[in-house]
Protein chains: 2
Amino acid sequence: MQNGQTMIPVWLDKDLKTVKVIDQRRLPHDLIIADLKTVDEIIHAIKEMYVRGAPLIGVTAAWGVYLAALNSSLIADLEMECARIKAARPTAVNLAWAVDKIMADVRRFHKINDKIQPQLIQSIRKAANSISSLEAENCRLIGEHGLPLIRAISQKKDGNTVNILTHCNAGWLACIEHGTATAPIYAASDAGIDIHVWVDETRPLNQGSRLTAWELGQYGVKHTVITDNAGGHLMQHGMVDMVIVGTDRSTYTGDVANKIGTYLKALAAKDNNIPFYVALPSSTFDWKLQDGLQEIPIEERDPDEVRYVYGLNQGEAQRVLVPPSDSPAANFAFDVTPARLVTGFITERGVCDANAEAILAKFKNDK
Amino acid sequence: MQNGQTMIPVWLDKDLKTVKVIDQRRLPHDLIIADLKTVDEIIHAIKEMYVRGAPLIGVTAAWGVYLAALNSSLIADLEMECARIKAARPTAVNLAWAVDKIMADVRRFHKINDKIQPQLIQSIRKAANSISSLEAENCRLIGEHGLPLIRAISQKKDGNTVNILTHCNAGWLACIEHGTATAPIYAASDAGIDIHVWVDETRPLNQGSRLTAWELGQYGVKHTVITDNAGGHLMQHGMVDMVIVGTDRSTYTGDVANKIGTYLKALAAKDNNIPFYVALPSSTFDWKLQDGLQEIPIEERDPDEVRYVYGLNQGEAQRVLVPPSDSPAANFAFDVTPARLVTGFITERGVCDANAEAILAKFKNDK
């Protein structure tokens, strides 16, 4: 592994029966590894966000299919478990993508009433492993393709610090290695480019201040945590050179679902002529949807995630209630940034414009 | 007083020596009244945000001038204390406005080496009281002038709920009574119009979730706390009919300094054709500045306000650290929304467009 990353966020234990995940709800103050042995536990970990981020949700779901195969008798049972896994969260398209990718092969060679044989279990394990490796490799390539964008800004600024703003966590914690939005940042850091990252804290769950800040700190990348409110002001005053975010689902027409608040940053970037890039592996494209704003389902989560904030008090992890106890709250988890606000996508096959023509030209066999 | 407001946020005690303020840092979980007996204590309360919000900072500063007069021998000493009060915070223009309004009269009738007589102290007390009453009355008038805007939306929607989004707290806690942004909301509520308020939590100090939610709840106005990230999504989906915010300083050309993040909401309102109003008493106009973005000083506050979140844990008020302990943070307190994004100002003299011509036509004697 590389500097600052000595683990991956999900893996199969040597016992071949336990999926291990970092419980990301507790970072950065506690590093807790959770053991998942059943499909119920996989679903719980996805729903409750022990794991989060589109690629990681996909890989965890793939391991869920493996646990389902391990604990089912018939293909029919496996299918039912897969349907439950796919329903765990609605917005990230990687969830269904990973499950269907494994099941496509299963369905090709098995009938619904077939018994599940050890050989099939072994091949599903290999398939889940492949998805994990594929996402890691895709992220590495995203870094490779994003690096020239940062290098060009650095050169234009005569080697002065390149300031990049990111929202939420699209780092290795959200993927497997490298991350999506962070991959070009890590690549630039490795290449010796002087960079600094503005980290949106990303309310309500603070994936920016808890996870991205932690990742960047571990890797030795200069960064500053800011409120989600601050990015517009920084952009107005020339303190942001580029925005890079991840995505939970993007349409092949270029609309981008990502953590709530992304749309506001995209508007500010546009208003200040700052490039706004979305980094993603092709597994995050939805080849069926045309209109992201109308068609991508936006998850509504527990309002208590807004009302309570988790952090450290005198060395102890606690959560505190911020608003009056009787004030209601709402918790929309994602928003959709229309393609017109996106400068480009950074993918494992290179950078492309945010429109159907450009995206399909790069991924014509995938739709 | 009115339903839900049984106190004002700053007043002079009967002993005529103590300024009493609600310590707003502790709301809604504790209602603590702080005693301020010296200019140092007034400055501390303004800097540390026991009191906040442009009109309230102005009124508190006015009481600071009174305490300064009470504890000074010469006009020269009083002048020095006034200079210190004016420097307590940089962005809200009401601070200097209130001090200068009182001192204009003092300067007219006294030389710098004059002794301060009891009669002068009494007249400064009356002047401070007048400023307090003036701000309360101006807010009442803002409510009166803003009400028709809300009524028109209500009628257009056939009496269905009018959804108003607000950022930060521009309620009676930020003013004296009624508030600025909340004045039309309270007026609409009194008029029986069906309204609901989306309350931006307003990071980092959560004046929305702590103060505005508390005020609205006390008054019986339907409201929902949301993250600062959520407003764009709500606007994209027709869930916001109107935005009303306050301001800490607006140029006579229509640029609006307000709590950090206001600019992002203004961009989203523009992008979705939603009216974006700024409510203010004329004391918040800066008649000297033309270009808000370049000229209004933006306060940078302690980064720990971003890093730590204050709330309630098992009945006890505590603060928790969210990011890694070694991650730096930045804390810009305000941003500037350019006039082009502002639908109009709601003032004590009526509604006007956000440009010099319209503003000066209404306030031609004030510049």
Side-chain angles (χ1 to χ4, degrees), chain A residues 28-29 167 198-199 201-204 206 209-210 213-214 216-217 223-234 236-237 259-265 267-268 271 293 298 303 306-313 317-332 334-336, chain B residues 28-29 167 198-199 201-204 206 209-210 213-214 216-217 223-234 236-237 259-265 267-268 271 293 298 303 306-313 317-332 334-336:
Chain A
H29 306 302
H167 190 69
W198 295 108
V199 178
E201 58 181 7
T202 318
R203 294 280 299 137
N206 298 318
S209 55
R210 291 191 303 107
W214 183 70
L216 295 174
H223 64 282
T224 305
V225 174
I226 51 173
T227 62
D228 301 310
N229 284 324
H233 171 75
L234 298 176
Q236 285 177 313
H237 290 275
K259 180 61 50 200
I260 190 87
T262 301
Y263 165 56
L264 296 171
K265 293 305 137 58
L267 284 168
D271 200 44
L293 202 53
I298 299 297
V306 174
R307 293 154 39 86
Y308 289 87
V309 176
Y310 165 84
L312 211 60
N313 177 32
Q318 294 179 341
R319 57 176 217 163
V320 294
L321 172 70
V322 177
S325 55
D326 56 354
S327 279
N331 185 9
F332 298 91
F334 305 94
D335 63 21
V336 173
Chain B
H29 305 304
H167 190 67
W198 295 108
V199 178
E201 57 181 9
T202 317
R203 293 281 298 139
N206 299 317
S209 54
R210 292 191 303 107
W214 182 69
L216 295 175
H223 64 281
T224 306
V225 175
I226 51 173
T227 62
D228 301 309
N229 284 324
H233 171 75
L234 298 176
Q236 285 177 312
H237 290 275
K259 182 59 51 200
I260 190 87
T262 301
Y263 166 55
L264 296 170
K265 294 303 136 59
L267 284 168
D271 200 44
L293 202 53
I298 299 298
V306 174
R307 292 153 40 84
Y308 289 86
V309 176
Y310 165 82
L312 210 61
N313 177 31
Q318 295 180 340
R319 57 177 217 163
V320 295
L321 172 70
V322 176
S325 55
D326 57 354
S327 279
N331 185 10
F332 299 91
F334 304 94
D335 63 20
V336 173

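No experiment lies behind these values; they were computed from the predicted model shown. Lettering follows sequence order; numbering is per chain, from 1.
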Undergrad: Of the non-hydrogen atoms in Val225(B) and Ala213(B), which two are nearest, and what is the gap between them?
TA: CG2-CB, 3.9 Å

Undergrad: Relative to chain B, which of Pro28(A), Pro324(A), Gly231(A) shows the most heavy atom pairs under 4.5 Å?
TA: Pro324(A)

Undergrad: Go through Ile226(B), Asn206(B), Val309(B), Asn331(B) and name the one with the most non-hydrogen pairs under 4.5 angstrom from chain A.
TA: Val309(B)

Undergrad: At a 4.5 Å cut-off on heavy atoms, which part of His223(B) comes close to chain A: side chain, backbone, both, or neither?
TA: both

Undergrad: Chain A: which of Pro303(B), Gly261(B), Ser325(B), Pro204(B) shares the most heavy-atom pairs with it under 4.5 Å?
TA: Gly261(B)

Undergrad: With chain A, which of Arg210(B), Gln318(B), Gln236(B) has the greatest number of heavy-atom pairs at distances under 4.5 Å?
TA: Gln236(B)

Undergrad: Relative to chain B, which segment of Tyr263(A) carries a heavy atom at a distance below 4.5 Å: side chain, backbone, both, or neither?
TA: side chain

Undergrad: Shortest non-hydrogen contact from Leu234(B) to Phe332(A)?
TA: CD2-CE1, 3.6 Å

Undergrad: Give, as side chain, backbone, both or neither, the part of Pro323(A) having an atom under 4.5 angstrom from any heavy atom of chain B.
TA: both

Undergrad: Quick one: list whatever passes salt bridge (charged side-chain N to carboxylate O under 4.0 Å, His left out) with Arg203(B), sequence neighbours left out.
TA: Glu201(A)

Undergrad: Could you tell me which portion of Asp326(A) (side chain, backbone, both or neither) has an atom closer than 4.5 angstrom to a non-hydrogen atom of chain B?
TA: neither

Undergrad: How long is the span from the OH atom in Tyr308(B) to the CG atom in Leu312(A), to the nearest 0.5 Å?
TA: 8.5 Å

Undergrad: Return the set of residues passing side chain to side chain donor-acceptor pair (under 3.5 Å) with His233(A) (not counting sequence neighbours), or none when no residue passes.
TA: none

Undergrad: With respect to chain B, which residue among Thr202(A), Asp228(A), Val322(A), Thr262(A) yields the maximal number of heavy-atom pairs within a distance under 4.5 Å?
TA: Val322(A)

Undergrad: Chain A: which of Ile298(B), Asn313(B), Ile260(B), Asp335(B) shares the most heavy-atom pairs with it under 4.5 Å?
TA: Ile260(B)

Undergrad: Would you give the length of the straight line joining atom NZ of Lys265(B) to atom CG of Leu264(A), rounded to the nearest 0.5 angstrom?
TA: 5.5 Å

Undergrad: Working to the nearest 0.5 Å, report the span between CZ of Arg307(A) and OG of Ser209(B).
TA: 10.5 Å

